[in-house]
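Written below as structure tokens is the structure these notes are about.
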Amino acid sequence: MVADDLPRYTDGNELAGPLSEVFAVDVTEAVGRCASCGRTSPMATLHVYGHNGPGWVGRCPRCEQVMLRLVTVPGATWLDLHGTSMLRLPTG
């Protein structure tokens, strides 16, 4: 693998700040299930792309399918969890 072929992602902790603007709990601690392969793990384990752009894409670390899309612009936030079949949020 050449240096240019290395993954250009960070982990799901990259989403802590942006998601804290939408949710009252830390969603990176939530457990999600990939709709594609069924892997269940904390959202902090997602491979997150786009930290230099207007939004983020979180991919399953097992099958690389998109589990989460998050775009924030002035006055609005879009959150797409189409690739997540379940999200268990921490309480209390």
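Please read these numbers as outputs of a predicted model, since none were measured by experiment. Below, all heavy atoms of this structure are taken into account, side chains as well, without hydrogens, waters or symmetry copies.
- R59 meets the side-chain hydrogen bond (donor to acceptor under 3.5 Å, both in side chains) test with no other residue; sequence neighbours excluded.
- Residues satisfying the side-chain hydrogen bond (donor to acceptor under 3.5 Å, both in side chains) test with E64, not counting sequence neighbours, are H47, Y49.
- C60 places none of its side-chain heavy atoms less than 4.5 Å from the side chain of S36.
- Residue L79 is grouped with residue L46 when hydrophobic side chains (ILVMFWY) are merged at heavy-atom distances under 4.5 angstrom, including chains of intermediate members.
- When the side chains of ILVMFWY residues are joined at heavy-atom separations under 4.5 Å, either directly or via intervening members, V66 and L87 end up in two distinct hydrophobic clusters.
- Inter-residue side-chain proximity for T40 and R88 is flagged as unmet; no heavy-atom pair is nearer than 4.5 Å.
- Every residue meeting the salt bridge (charged side-chain N to carboxylate O under 4.0 Å, His left out) condition with D80, not counting sequence neighbours, appears here in chain and number order: R69.
- A search for side-chain hydrogen bond (donor to acceptor under 3.5 Å, both in side chains) contacts involving T10 returns E14, not counting sequence neighbours.
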Using a 3.5 Å cut-off and no angle test, enumerate the donor-acceptor pairs between side-chain atoms of residues 24-32 and protein atoms at least two apart in sequence or in another chain.
unit_1, atom_1, unit_2, atom_2, d
D26, OD1, T28, N, 3.0
D26, OD1, T28, OG1, 2.5
D26, OD2, T28, OG1, 3.2

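- Not counting sequence neighbours, the partners of S41 by the side-chain hydrogen bond (donor to acceptor under 3.5 Å, both in side chains) test are R39, T45.
- The shortest distance between side-chain heavy atoms of L68 and M43 falls below 4.5 Å.
- For residues 46-55, the set of pairs meeting the salt bridge (Lys or Arg N to Asp or Glu O under 4.0 Å) definition, not counting sequence neighbours, is empty.
- Closest heavy-atom contact between P18 and W56: CG-CH2, 3.4 Å.
- Tracing side-chain contacts under 4.5 Å through hydrophobic residues (I, L, V, M, F, W, Y), one reaches L89 starting from L15; they form part of the same cluster.
- For the atom pair CD (Q65) and SG (C37), the distance works out to 8.5 Å, reported to the nearest 0.5 Å.
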